[in-house]
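Proteins come first, then strands; the chains are lettered A, B, ... in the order of their sequence lines, and each starts at number 1. What you see is a predicted model, and the numbers here were worked out from it, not measured in a lab.
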Amino acid sequence: MSEAAAAIAPGPGERLTMAFFDRSVHEVAPALIGCELRVGEAAGVIVETEAYDAGDPACHAYVGRTARNEVLFGPPGRAYVYLSYGIHSLLNAVAEPDGSAAAVLIRALEPSDGIELMRARRGRAELGELCSGPGKLTEALGIGLELNGADLTEPPFELSAPVGEWTRTEVVSGTRIGITKAVELPWRYCAAGNRHVSRPWPAQGRAAA
DNA sequence: GCCAGGATCGTCT
DNA sequence: GACGATCCTGGCG
């Protein structure tokens with residue numbers, strides 16, 4: 001394949017680059033499923049994401065450019081981190097070219113490394129309680145507001161393409177969670193049958209095709 | 001096991 | 001002055 005195509009779709013275990021994010025958020029969101037996100041010693045495989053684009057009433061960028069959502073309008077591959085309900089930091093990956101506001105919310109990970117560190121940070125022992133939610137995984141990985149605007153392709157982040165079984169993971173889509181606007185849009189993606197998603201799939205029984 | 005309610009604060013009206 | 005891309009706890013069955 002061409003060099004450009006290789007950058008968009010890196011081989012198993014290879015680091016993701018800015019080119020990976022420099023396309024439609026609706027391509028990036030499902031493509032992130034199975035990728036490993038690492039911050040220092042803690043790491044997990046992405047098993048649930050949601051897409052938000054500029055024409056979407058539920059997207060922070062929908063109201064136009066403000067001090068808070070500035071990062072969304074910037075170059076792809078950056079982290080957009082913001083505070084939700086005054087308590088939780090939520091992590092998004094900015095997608096689409098510079099000037100176009102879109103991002104992928106990382107909703108859940110399956111812990112893969114640094115489990116004990118995550119348990120200590122979370123104050124919980126159960127594996128399924130470490131990263132099964134957008135606010136949980138940022139706490140487990142130690143991601144805070146200070147990382148807003150940071151480059152996801154550079155330290156402290158390390159984002160790599162799926163390996164092993166994850167390269168064959170089936171991605172299913174459904175409606176998004178926890179929002180009050182545009183709830184009907186089917187822009188939530190997750191690894192079929194995964195036990196670490198933030199909430200059971202609405203139609204778990206017929207998710208597999 | 002399920003559900004209702006509270007915590008907590010930056011951002012925008 | 002109200003609200004939100006959430007999480008946890010306690011109460012009840």
Problem - Cation-pi check, A:R23 onto A:F20 ring (under 6.0 Å, within 45° of axis) - result: yes
Handout entry: Ion pair A:R119/A:E116, N-O distance below 4.0 Å
Key = yes
Exercise for the section: Using Watson-Crick or G-U wobble geometry with both distances below 3.5 Å, tell me the partner of C:dA5, or none. Expected result: none
Exercise for the section: Find the distance A:I179:CD1 to C:dC3:C1' and express it as a whole number of Å. Expected result: 15 Å
Practice task
Rounded off to whole Å, could you give me the OH-to-C1' distance for the A:Y82 and C:dT6 pair?
Solution key: 9 Å
Fill in the blank from the handout: Which of B:dT8, C:dA5, C:dC8 is nearest the side chain of A:E129? It is C:dC8
Exercise for the section: Considering just the side-chain nitrogens and oxygens of A:R124, establish if one lies under 4.0 Å of OP1 or OP2 belonging to C:dC7. Expected result: no
Problem - Atom pair distance, as rounded to whole Å: NE2 in A:H88 and C1' in B:dA7 - result: 9 Å
Completion exercise
Sorted by position of nearest nucleotide on DNA chain C, 5' first, the leading residue of A:L83 and A:S198 is A:L83
Handout entry: side chain to side chain contact (heavy atoms under 4.5 Å, CB included) between A:Y82 and A:L72, intermediate numbers included
Key = CA-CA 11 Å; A:Y82 76 96; A:L72 286 174; over 6 Å; no
Practice task
Looking at every strand, decide which applies to A:G86 at a 4.0 Å heavy-atom threshold: base, sugar-phosphate, or nothing.
Solution key: base
Handout entry: Opposite nucleotide pairing with B:dT8, Watson-Crick or G-U, both atom distances under 3.5 Å
Key = none
Exercise for the section: Might you point out which heavy atoms bring A:S132 and A:V197 nearest each other, and give the distance in Å? Expected result: CB-O, 3.8 Å
Exercise for the section: Starting at atom CG of A:L91, determine the distance to atom P of C:dC7, rounded to an integer number of angstrom. Expected result: 13 Å
Exercise for the section: For A:R107, report the nucleic acid contact type (base, sugar-phosphate, nothing); a contact means any heavy atom under 4.0 Å. Expected result: sugar-phosphate
Problem - A:R68 CZ - B:dC12 C1' separation (whole Å) - result: 8 Å
Fill in the blank from the handout: note: A:L137, atom CG; C:dA5, atom P; distance rounded to Å ~ 16 Å
Fill in the blank from the handout: Between CG of A:L90 and C1' of C:dT6 the distance, given in whole Å, is 7 Å
Handout entry: Is_stacked (A:Y85, B:dA7) at 5.5 Å, 30 deg
Key = no
Practice task
Using modelled atom types only, decide if a donor and an acceptor are shared between the side chain of A:S112 and the backbone of A:A43 within a distance under 3.5 Å.
Solution key: yes
Practice task
Can you tell me the distance, in whole Å, between the CZ atom of A:R199 and the C1' atom of C:dC7?
Solution key: 12 Å
Practice task
Kindly state whether the pair A:Y52 / C:dA5 counts as stacked, where counting means centroids closer than 5.5 Å and planes tilted less than 30° apart.
Solution key: yes
Exercise for the section: May I ask you to say what A:T66 touches in the nucleic acid, namely base, sugar-phosphate or nothing, with a heavy-atom cut-off under 4.0 Å? Expected result: sugar-phosphate
